[in-house]
Amino acid sequence: MDKKLRFNSAAIHGGQQPDKAYGAVMPPIYQTSTYAQTTPGGHQGYEYSRTHNPTRTALERSIASIENAKHGMAFASGMAAIDTVLKLFQPGDEIISTDDLYGGSYRLMTKIFQKYGLKIHFVNMGNVENFKPLLNNKTRLIWIETPTNPMMKVVDIHAITSLGKTHDVLVAVDNTFASPYLQQPLNLGADIVMHSATKYLAGHSDTIIGLLAVNDDDLYEQLAFIQNSGGGVPGPMDCFLALRGIKTLHLRMQRHCENGAAVAIHLQEHPKIEKVYWPGFVNHPNHEVAKKQMKAFGGMLSFVPKGGDLATAKEILEKFQIFTLAESLGGVESLAGHPASMTHASIPKEIREQSGVVDGLIRLSIGIEDVQDLIEDLDQAIA
Ligand code: P1T
């Protein structure tokens, strides 16, 4: 389809066409490792499924369409996608990253890539001025997560990509928390968009999968070479599930955002809650940036109960009946997490506490249930 589609239509049709064999409307799950050749090299575009697979191609075209990118790439997980991006660089190269980010990304950067000679700086990017002094002639990448996991800081993507361009530094955005429904970083000047599609894109907590979207042909070739060499590829079933999820992304995101706002406002007014982190509040430090770059404020929020201690947080988490205490986010069902001991346990306590991840912090992924049921569940757990 050549016509430029609006977002909701692109989520369903972007880059898709009926399958060539029998006209199947959804791409078949091409569960094959290899492809017959009529003569050596005589294949129909597919040789071996580490390199390409038709179900994966359908998903890659879909993410390219909804991120307004030239190229999409699918990976075995969000971490496999990040791992591939970081392998673009050489020992001695420097990376500047947000200081508040998914614990697994922090672990990969510090425990693996620092060992291979990459130097990684972590800064609060809530204010662009913070990291200007770190830019030097060895800086190769700025890694942004926005909204950040789990403190919900919002980073001004356009301000940072402008800076990246003047210093000839790549800018990559982990768009997992927002999804392309809320923001499209390539349109704001980013070079690479990354997703843990395990979350909002697949949307049903039933697969682990990662995605990248880029415009530049050379960058795409380099990433594809690294991926094919290392092999962090998803299976066709996972690609199918992610593609199916994307077709309802816009509908789900609307409800995630509505429910997220209602829960955030309710918690903010609750007498037993100390602090709620959600970019939709006018007094959130990055509210103006969030308003400018996001369509709405998302379905993620974090809060600290009064007292802010571990025991109170644990008690609340154990009392939930509708919220499930579990890692991950972005599925149709509401999840609650304890970043200090779960998703961010790999970050040393003194470092995570500097960015606000205290032992009393609870993170919520607001699902698409009836919001009154969610509010009642929160009230009984906090009481
Ligand atoms: O789990 P995986 O698909 O490998 O994605 C890693 C990842 C990358 N970026 C962000 C912002 C993430 O939140 C994640 C995974 N996060 C969780 C599992 C979590 O509960 O926060």
Side-chain angles (χ1 to χ4, degrees), residues 59 63 73-86 97-113 122 125 143-155 157 172-180 182-183 185 190 192-213 227 230 232-235 238-239 241-242 245-246 256 277 279 298-302 317 323-331 333-347 352 355-357 361-367:
L59 172 63
I63 188 64
M73 301 178 72
F75 294 82
S77 65
M79 293 318 303
I82 301 174
D83 180 80
T84 298
V85 172
L86 296 176
S97 165
T98 30
D99 65 342
D100 175 36
L101 78 170
Y102 172 54
S105 309
Y106 178 87
R107 178 176 54 200
L108 182 68
M109 290 177 187
T110 55
K111 295 273 161 55
I112 308 291
F113 280 94
F122 295 94
M125 290 193 190
W143 181 266
I144 305 176
E145 203 179 283
T146 181
T148 60
N149 181 1
M151 297 310 298
M152 309 302 303
K153 286 179 202 151
V154 176
V155 179
I157 299 174
V173 178
D174 182 335
N175 204 19
T176 300
F177 266 40
S179 91
L182 295 180
Q183 75 195 9
I192 302 174
V193 175
M194 179 268 152
H195 283 281
S196 168
T198 311
K199 313 296 177 341
Y200 286 109
L201 291 172
H204 295 73
S205 306
D206 51 11
T207 180
I208 298 282
I209 188 159
L211 297 170
L212 293 180
Q227 181 185 38
V233 299
D238 299 299
C239 295
L241 288 171
I246 288 173
H256 283 297
Y277 299 93
M300 294 299 298
L301 61 97
S302 297
L317 287 163
F323 282 87
T324 303
L325 172 58
E327 306 238 356
S328 206
L329 60 112
E333 66 288 287
S334 293
L335 299 181
H338 182 242
S341 66
M342 295 166 70
T343 47
H344 293 69
S346 53
I347 305 180
R352 69 174 152 74
S355 63
V357 187
L361 187 82
I362 293 175
R363 189 189 75 180
L364 299 179
S365 170
I366 307 297

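When a ligand or atom number is given, it counts from 1 through the structure's own listing order.
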* Asked: Which residues satisfy the ring-ring contact (aromatic ring centres under 6.0 Å, His included) test with Tyr106, sequence neighbours excluded?
  -> Phe122
* **Contact atoms of ligand 1, heavy-atom distance to Asn149 under 4.0 Å** => 13 (O), 21 (O)
* Can a non-hydrogen atom of Ser328 be found less than 4.0 Å from any atom of ligand 1? -> yes
* Structure fact -> Ranked by distance from atom 19 (C) of ligand 1, the top protein heavy atom is Thr343 CG2, 3.3 Å
* Asked: Is there side-chain contact between Thr176 and Tyr200, with at least one heavy-atom pair below 4.5 Å?
  -> no
* Does the side chain of Leu329 come within less than 4.5 Å of Arg363's, by heavy atoms? -> yes
* Thr207 and Asp238: side-chain donor and acceptor closer than 3.5 Å? -> yes
* Asked: Below 3.5 angstrom, do we get any N/O pair linking Met79 and ligand 1?
  -> yes
* To do: Please examine the side chains of Thr343 and Pro150, heavy atoms only from C-beta on, and report whether any two atoms are closer than 4.5 Å.
  => no
* Under 3.5 Å between some N or O of ligand 1 and some N or O of Ser196? -> yes
* To do: Looking only at protein heavy atoms, identify the closest one to atom 7 (C) of ligand 1 and say how far it is in Å.
  => Tyr102 CD2, 3.4 Å
* Asked: Just which atoms of ligand 1 are under 4.0 Å from any heavy atom in Gly78?
  -> 2 (P), 3 (O), 4 (O), 5 (O)
* To do: Within a distance under 4.0 Å of any heavy atom of Lys199, pick out the atoms of ligand 1 and give their elements.
  => 1 (O), 5 (O), 14 (C), 15 (C), 16 (N), 17 (C), 18 (C)
* To do: Check each heavy atom of His344 against ligand 1 and say whether those closer than 4.0 Å belong to the side chain, the backbone, both or neither.
  => neither
* For ligand 1, which part of Glu145 has a heavy atom less than 4.0 Å away: the side chain, the backbone, both, or neither? -> side chain
* For atom 21 (O) of ligand 1, the protein heavy atom that lies nearest, with its residue and separation -> Arg363 NH1, 2.8 Å
* **Glu333 and Ser205 side chains, donor-acceptor separation under 3.5 Å** => yes
* To do: Answer whether the closest heavy-atom distance between the side chains of Thr148 and Met125 falls below 4.5 Å.
  => no
* Looking at side-chain heavy atoms only, is the closest gap between Asn175 and Gln183 below 4.5 Å? -> yes
* Would you check whether Thr198 has a nitrogen or oxygen atom less than 3.5 angstrom from a nitrogen or oxygen atom of ligand 1? => yes
* Side-chain heavy atoms of Met109 within contact of Leu101, under 4.5 Å -> yes
* Asked: Is any N or O atom of Ser105, backbone or side chain, closer than 3.5 Å to an N or O atom of ligand 1?
  -> no
* Asked: Of all the atoms in ligand 1, which lie at a distance below 4.0 Å from a heavy atom belonging to Asp174?
  -> 8 (C), 9 (N), 10 (C), 11 (C)
* Answer yes or no: is there a side-chain heavy-atom contact under 4.5 Å between Val85 and Met194? => no
* Asked: Closer than 4.0 angstrom: is that true for some heavy atom of His195 and an atom of ligand 1?
  -> no
* State the atoms of ligand 1, each with its element, that fall below the 4.0 Å cut-off from a heavy-atom position in Leu329. => 13 (O), 19 (C), 21 (O)
